[in-house]
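All remarks here apply to the structure that follows.
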Protein chains: 2
Amino acid sequence: MPRPSTPLLSADRIRSAALAIIDRDGLDGLSMRKLAAELGVQAASLYGHVRTKDQLLNDIAASILQPVDMSGFDVDWREGLVRCARSYREALSAHPNIVPFLAYGPAGREESLRRLDILNGALVNAGWSRREATMIVAGLMFIVFGAALSSFSNGFSADPADYGDRFPNLDRAHLLPAVAAELDRDSFELTLAAFVRGL
Amino acid sequence: MPRPSTPLLSADRIRSAALAIIDRDGLDGLSMRKLAAELGVQAASLYGHVRTKDQLLNDIAASILQPVDMSGFDVDWREGLVRCARSYREALSAHPNIVPFLAYGPAGREESLRRLDILNGALVNAGWSRREATMIVAGLMFIVFGAALSSFSNGFSADPADYGDRFPNLDRAHLLPAVAAELDRDSFELTLAAFVRGL
DNA sequence: GAGTTAACCTAACACTGTTCGGTTAATCGG
DNA sequence: CCGATTAACCGAACAGTGTTAGGTTAACTC
């Protein structure tokens, strides 16, 4: 195929197609050839719009995290922390399959630094020392990322026989998958609330 | 090479060689061919001792988590949670490069279920409802895994120019890598303490 | 001593991310 | 309007991946 009249590809189209594949087939389900195929194109063509697969994933991650809410600090720092964490987790849990990728290292993006700057500033403003502020921010990230990926209740089998008599305190663990989403959210809220209260 | 007089390979040798590679070269640095080479053997030979690479990683993960301390519940549930979380994180942070693998899903193995059973039982015993107990356990895992992989302070560049005037509250972020390990631990302890206190 | 099993090998398969060089259409300068 | 440049795609290839099939020989069992 020569150069087409209207371009088939664009960075945006590539990103959203890639994200769709990740959501559907998991992180390992995304390959450049498969992505190209779904866009009606050969793999090599993608590299005219995307520097590398890793970069593509980073861009996707950044776009997912765009809508994280930093507005709560106008009220007070506790509200700021809660809103930030909540919207952060929501953004991640809408695309859980990409979270393992984030585990490889901070998608050291501009946007991401901006958020950290706001968090730190707000906490210092509220009277925390710089070191404390840093640690609190870290703790908030621990909880957000932990909640996003542990996706705790997903790890359990739906077969009661897998727990049986051996683990008497897990005798209802097989029910977890059915309520996984709700329980994950509630667990996150409980953890976040306890953390902020305990500070 | 025919069958050697004394076997060159064993599941144990393979596991520890693999872990050494992961610690040294990262998770992506481990390939079956490289692993075989370091053991003085061809890649195919590994499959006489190991079912699959994924299984190998799961086994390694399980062996790392073996020494998690469940004894604190003899004192009280708060102490139990703290000791469990602390030793859990310590085990993971001794081999940080394998943590991203765990993010792909719980190495849902026998040992891991045993620990969850103990946690749940102790909390219910202490008066929490079953649902609350489940959520508290989940929260603990959030913090442990979050702390292990966010490995927060590692994400920052050591070059002050990367933050400069744009992010005034991050003006000392370039110092983070130097104290990463200590800060990560302190952040974890602060988060854990706040969480347990807030319950 | 024969037969079986265990431990290794070589070779291959079907993938992966990425690069190189080529072909053609759109676009811009004069 | 024409020539040169650029942009968008393709085919083929490279080096690497996990894994399997089939072969060879040593060690063990009866």
Side-chain angles (χ1 to χ4, degrees), chain A residues 1-61 97-98 100-105 107, chain B residues 1-61 97-98 100-105 107:
Chain A
M1 189 199 299
R3 177 176 185 182
S5 335
T6 67
L8 304 173
L9 262 34
S10 79
D12 266 340
R13 272 176 59 70
I14 293 176
R15 270 195 296 271
S16 72
L19 182 54
I21 293 179
I22 291 173
D23 286 342
R24 173 164 41 86
D25 303 337
L27 195 53
D28 292 339
L30 175 70
S31 82
M32 297 304 269
R33 283 173 174 84
K34 187 166 164 184
L35 172 56
E38 300 213 354
L39 289 163
V41 121
Q42 294 299 114
S45 312
L46 299 172
Y47 288 85
H49 304 261
V50 157
R51 228 167 46 78
T52 155
K53 186 188 183 183
D54 212 71
Q55 186 57 54
L56 172 59
L57 287 170
N58 269 317
D59 290 348
I60 291 173
N97 290 341
I98 209 185
F101 169 75
L102 300 179
Y104 275 89
Chain B
M1 191 200 299
R3 178 177 187 185
S5 334
T6 67
L8 304 174
L9 262 33
S10 79
D12 266 340
R13 272 175 59 70
I14 294 176
R15 269 195 295 271
S16 70
L19 182 55
I21 293 179
I22 291 173
D23 286 342
R24 170 164 43 86
D25 303 335
L27 195 54
D28 291 340
L30 174 70
S31 83
M32 297 302 269
R33 283 174 174 82
K34 186 169 172 183
L35 172 57
E38 301 213 354
L39 288 163
V41 122
Q42 295 298 116
S45 311
L46 299 172
Y47 288 85
H49 304 263
V50 157
R51 227 167 47 76
T52 155
K53 185 188 185 183
D54 211 72
Q55 186 59 54
L56 172 60
L57 287 169
N58 269 316
D59 290 350
I60 292 172
N97 291 340
I98 209 187
F101 169 76
L102 299 178
Y104 275 89

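In the text below, chain A, chain B and the rest are named by the order of the sequence lines, each starting its count at 1. Owing to the predicted nature of the structure, the values given are computational and were not obtained by experimental measurement.
- For B:Ala44, the listed nucleotide lying nearest its side chain is C:dA11; candidates were D:dC9, C:dT19, C:dA11.
- The phosphate of D:dA8 (OP1 or OP2) has no side-chain N or O of A:Ser45 nearer than 4.0 angstrom.
- For A:Leu9, the side-chain atoms get nearest to D:dC9 when compared with the rest of D:dT20, C:dC8, D:dC9.
- Protein atom CZ of A:Arg51 is 10 Å distant from nucleotide atom P of C:dT18, rounded to whole Å.
- Between the side chain of A:Lys34 and the main chain of A:Gly29, a donor-acceptor pair closer than 3.5 Å is present.
- Counting any heavy atom pair closer than 4.0 Å across all strands shown, B:Gln42 reaches a base atom.
- A:Asp28 has its side chain within reach of B:Tyr104: a pair of non-hydrogen atoms, C-beta onward, lies under 4.5 Å apart.
- If you take CG of B:Asp25 and C1' of D:dT17, they are 16 Å apart, rounded to a whole angstrom.
- Rounded to an integer number of Å, the gap from OH of B:Tyr47 to C1' of C:dC13 is 13 Å.
- The CG atom of A:Asp28 sits 16 Å away from the P atom of D:dT17 (whole-angstrom rounding).
- Between B:Leu46 atom CG and C:dA6 atom P the separation is 18 Å, expressed in whole Å.
- Checked against D:dC10, C:dT18, C:dC9, the side chain of B:Val41 finds its nearest nucleotide in C:dC9.
- Counting all heavy atoms, side chain and backbone alike, A:His49 lies closest to A:Ser10 at ND1-CA, 3.9 Å.
- At least one side-chain heavy atom of A:Lys53 sits under 4.5 Å from a side-chain heavy atom of A:Leu30.
- One can place CD1 of A:Ile21 at 11 Å from P of C:dG17, the figure rounded to the nearest angstrom.
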Sub-3.5 Å pairs of nitrogen or oxygen atoms, protein against nucleotides 14-16 of chain C:
residue, atom, partner, partner atom, Å
C:dT16, OP1, A:Ser31, OG, 3.1

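- A close approach under 4.0 Å does occur between a side-chain nitrogen or oxygen of B:His49 and OP1 or OP2 of C:dC8.
- Counting to the nearest Å, the P atom of C:dT18 and the CG atom of A:Leu56 are 10 Å from each other.
- Taking atom CG on B:Leu35 and atom P on D:dT17, their separation rounds to 12 Å, with Å as the unit.
- The two residues A:Ala103 and B:Ala103 come nearest to each other via the heavy atoms CB-CB, 4.2 Å.
- Minimum heavy-atom separation, B:Asp23 to B:Asn97: O-ND2, 3.3 Å.
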Between A:Leu35 and A:Leu56, does a side chain to side chain contact (heavy atoms under 4.5 Å, CB included) hold up when you go through it step by step? CA-CA 12 Å; A:Leu35 172 56; A:Leu56 172 59; 3.9 Å; yes
